[in-house]
Amino acid sequence: MLVSLSIRDVVLIERLTLSFRRGLCVLTGETGAGKSILLDALGLALGSRGDSALVRRGATQASVIAEFELPPKHPAFDVLREQELETGETLVLRRVVNADGRGRAYVNDQPVSMTLLRRVGEQLVEIHGQFDTHGLLDSRTHRSVLDAHAGLETMAAQVAAAHRSWRQVEKARAQAAGDITRAQAEEEYLRHAAAELEALDPKPGEEARLAEERITLQHREKLIDAISAAQAELIGERGVERAMATASRLLSRVADKAGGRLDAVIDALDQAAAETHEAIHALHNVAANLDLDSRSLEKLEDRLFALRAAARKHNIAVDHLPILRTDMLRRLSLIEDQGDLLTQLAKQAEHTRAAYVDIAKRLSKLRREAAQRLDQSVAQELLPLKLDRARFVTQVDALPESEWSTAGIDRVCFLVTTNPGSPPGQLNKIASGGELARFMLALKVVVARSGTIPTMVFDEVDTGIGGAVAAAVGERLERLGREVQELVVTHSPQVAARGGVHLQVRKKVVGDHVVTEVVELDGSERREEIARMLAGAKITDEARAAADALISGRH
């Protein structure tokens, strides 16, 4: 819910910080006092369009901060996590508009786009007014509203999963058919190219190995000369191995007379002799394995150049030739096995489609039953709201298969008719401004518990009504306030008397200019405001008595 709203330099508001509580909060005040400014300021924080006209004259910028307390799993946090933004125990939206019309937006002090701010705002506050109603006027939301009210979210999720499974199989089927078609079109080329690669038989890492061997063979004469010279030094008549053996033998003869001083020397000579012997043996193997046939270099280069030519032909790296060969063989196998593969995918598609249709039809049946119950519940709310001649209809229509989706096989639309005998139509095209707001109130009272938006704003929902109808509106707003937080701008004393919190918007002169201020009324102040709303400019004792009756009547 909304816990605080801080406004700086917005139109007639210099500095204003408001705290809010749960339940029904009413805002009253004389016409022109600035109630709409509060809603404009809240709209700014929620991502509505801002311009320089909202900046107070003489100020360089306007700013609004709205703080919300939400349950940990609220959908607004999901929106933030999608964008990898930090979340906390509270959610703070901040909007700044400069005098030149440019602005910035922040969520928890992290800069965000206006689009993202608007997405978050739509999850937090729903505004209903005579001429500006959001949420339920968008027919795209009606299906989810009906599902939530009827407790069908789990089945709706199962329908969505079944649809995704079906479409995945259909996608695989289409892709396989496309692969087969393309493979058939290039079958001759594939067979020729695959045969060439099969004959070439490229191996992973072969190019690097051949290149290294090529360098070795190109310098074989130098290698042979160096190896021969090294062998001569090591094993010749005066070679190292013989010298160390002789030294070790001479020292061993006198070692017993040296008191152990020569033992380490003899051990070191023996170890060096053993390692030298290993080195001579390894050098001999290198010399033995070094191919002196010049034709070996020629064969190696032919192989290396053939691999590189094939890679250039297919415009890939040499190391990718084995992968290309595997892919070509796979595509050829598709041609050979196309009948079996497509038959298998067709059966899977038929099975997954049938599963989707089955659960979607069951959901559709439950939706139609829930629609009747919803219509009956809303009808009970319309009579006291002076909409007794009106009718609310939840229309559930079957969609053509081309429009089936994760949401099911139905189109759900809320329709109304205000005159008997007239066909139902869309809410905003049939109902007048006051009727529209009351339709929204009736519907919201019925579906309040199933919604996730914690705060609702009703702007002059009581316009054009009075007496018993205004009292009915107030009673329903109070009832709705038990489920969600409400901010209600009203001129009706019957509605104002129902508020758990009463804020008065008024103007005052400060120096040479006028500012808007908001004060919370309690006790006698609240009584006087409701009496003013009843009597007008001159407040009488009768008006005060009537105000007392309205206030006491709400308990």
Side-chain angles (χ1 to χ4, degrees), residues 1-7 16-28 35-36 38-48 64-77 79 88-94 107 117-118 120-129 132-136 141 145 148-149 381 437-438 440-462 473-490 492 495-505 518-522 526 554:
M1 69 169 189
L2 177 67
V3 294
S4 68
L5 182 67
S6 298
I7 306 170
L16 179 65
T17 298
L18 299 174
S19 297
F20 298 93
R21 298 191 292 275
R22 297 184 183 277
L24 173 59
C25 173
V26 296
L27 292 90
T28 66
K35 297 184 293 296
S36 63
L38 288 178
L39 298 188
D40 290 341
L42 177 59
L44 272 181
L46 299 173
S48 64
V64 183
I65 301 174
E67 183 178 3
F68 294 84
E69 287 183 353
L70 303 169
K73 294 184 179 181
H74 191 273
F77 291 130
V79 175
E89 295 181 357
T90 61
L91 189 58
V92 180
L93 310 185
R94 179 161 63 97
V107 176
L117 181 67
R118 193 174 302 112
V120 174
E122 289 172 349
Q123 301 291 335
L124 301 175
V125 179
E126 193 171 286
I127 299 175
H128 299 281
D132 187 17
T133 304
H134 303 283
L136 290 176
T141 67
V145 170
H149 176 64
E381 300 294 333
R438 279 178 280 153
M440 291 297 101
L441 176 59
L443 183 56
K444 274 298 178 184
V445 168
V446 174
V447 303
R449 291 187 178 182
S450 58
T452 59
I453 296 179
T455 302
M456 293 183 185
V457 176
F458 289 92
D459 184 12
E460 300 188 5
V461 67
D462 48 24
V473 169
E475 188 274 332
R476 276 148 185 79
L477 287 169
E478 183 181 25
R479 188 167 11 130
L480 181 59
R482 298 168 193 160
E483 305 295 337
V484 297
Q485 181 188 47
E486 291 177 284
L487 307 180
V488 178
V489 176
T490 180
S492 169
V495 173
R498 294 275 181 173
V501 177
H502 190 151
L503 302 178
Q504 183 188 39
V505 184
V518 180
V519 295
E520 182 173 347
L521 303 181
D522 199 4
R526 186 175 185 214
R554 60 180 292 271

(request) Applying side-chain contact (heavy atoms from CB on, under 4.5 Å), run through Leu70 and Leu124 and close with a yes or a no. (result) CA-CA 9 Å; Leu70 303 169; Leu124 301 175; 3.5 Å; yes
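- Put simply, NZ on Lys35 and OG1 on Thr490 are 9.0 Å apart, with the number rounded to the nearest 0.5 Å.
- Residues forming a side chain to side chain donor-acceptor pair (under 3.5 Å) with Gln485 (at least two apart in sequence, or on another chain): Thr455.
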(message) Determine whether Val120 and Leu91 satisfy the following criterion, side-chain contact (heavy atoms from CB on, under 4.5 Å), listing intermediate values before the conclusion.
(response) CA-CA 10 Å; Val120 174; Leu91 189 58; 3.9 Å; yes
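- By the side chain to side chain donor-acceptor pair (under 3.5 Å) test, Ser19 is found to be paired with no residue, residues two or more places apart in sequence or in another chain being considered.
- At least one side-chain heavy atom of Leu480 sits under 4.5 Å from a side-chain heavy atom of Phe458.
- At least one donor-acceptor pair under 3.5 Å links the side chain of Glu486 to the backbone N or O of Gly481.
- Considering only heavy atoms from C-beta on, Val473 comes within 4.5 Å of Leu477 through its side chain.
- Looking at Leu2 and Val125, their side chains never come closer than 4.5 Å, going by heavy atoms from C-beta outward.
- Taking Ser48 as the reference, nothing meets the side-chain contact (heavy atoms from CB on, under 4.5 Å) condition, with sequence neighbours excluded.
- Under the 3.5 Å distance criterion, the side-chain polar atoms of Arg526 are left unmatched by any main-chain donor or acceptor of Glu520.
- A heavy-atom distance below 4.5 Å is found between the side chains of Phe20 and Leu5.
- Taking the side chain as every heavy atom from C-beta outward, Leu443 and Val145 never approach each other to under 4.5 Å.
- Scored by the side chain to side chain donor-acceptor pair (under 3.5 Å) test, Thr28 finds His502, Glu529 as partners (sequence neighbours excluded).
- Among all heavy-atom pairs drawn from Ala41 and Val64, the shortest one is O-CG1, 3.3 Å.
- Under the salt bridge (charged side-chain N to carboxylate O under 4.0 Å, His left out) criterion, Arg476 pairs with Glu381, sequence neighbours left out.
- Taking CZ from Arg21 and CE from Met1, the interatomic distance works out to 9.5 Å, rounded to the nearest 0.5 Å.
- Taking the side chain as every heavy atom from C-beta outward, Val488 and Leu24 approach each other to under 4.5 Å.
- Counting heavy atoms from C-beta on, the side chains of Leu18 and Val518 come closer than 4.5 Å.
- Across all non-hydrogen atoms, the minimal contact from Gln123 to His74 is O-CE1, 3.0 Å.
- Residues that satisfy the salt bridge (charged side-chain N to carboxylate O under 4.0 Å, His left out) test with Glu69, not counting sequence neighbours, are absent from this structure.
- With rounding to the nearest 0.5 Å, the separation of OG in Ser4 from CD1 in Ile65 is 8.0 Å.
- Arg118 has no carboxylate O lying under 4.0 Å from a charged side-chain N of Glu122, or vice versa, which leaves the two without a salt bridge.
- Within the 4.5 Å cutoff, no side-chain heavy atoms of Val489 are placed close to those of Leu38.
- Across Gly499 and Val26, no two heavy atoms sit closer than the pair CA-CG1, 3.9 Å.
- The distance from the CD atom of Glu67 to the OG atom of Ser6 is 8.5 Å, given to the nearest 0.5 Å.
- Here CD of Glu483 is found 10.0 Å from CE of Met456. Values are rounded to the nearest 0.5 Å.
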(request) Decide yes or no on side-chain contact (heavy atoms from CB on, under 4.5 Å) for Leu46 and Leu93, but give the supporting numbers first. (result) CA-CA 7 Å; Leu46 299 173; Leu93 310 185; 4.0 Å; yes
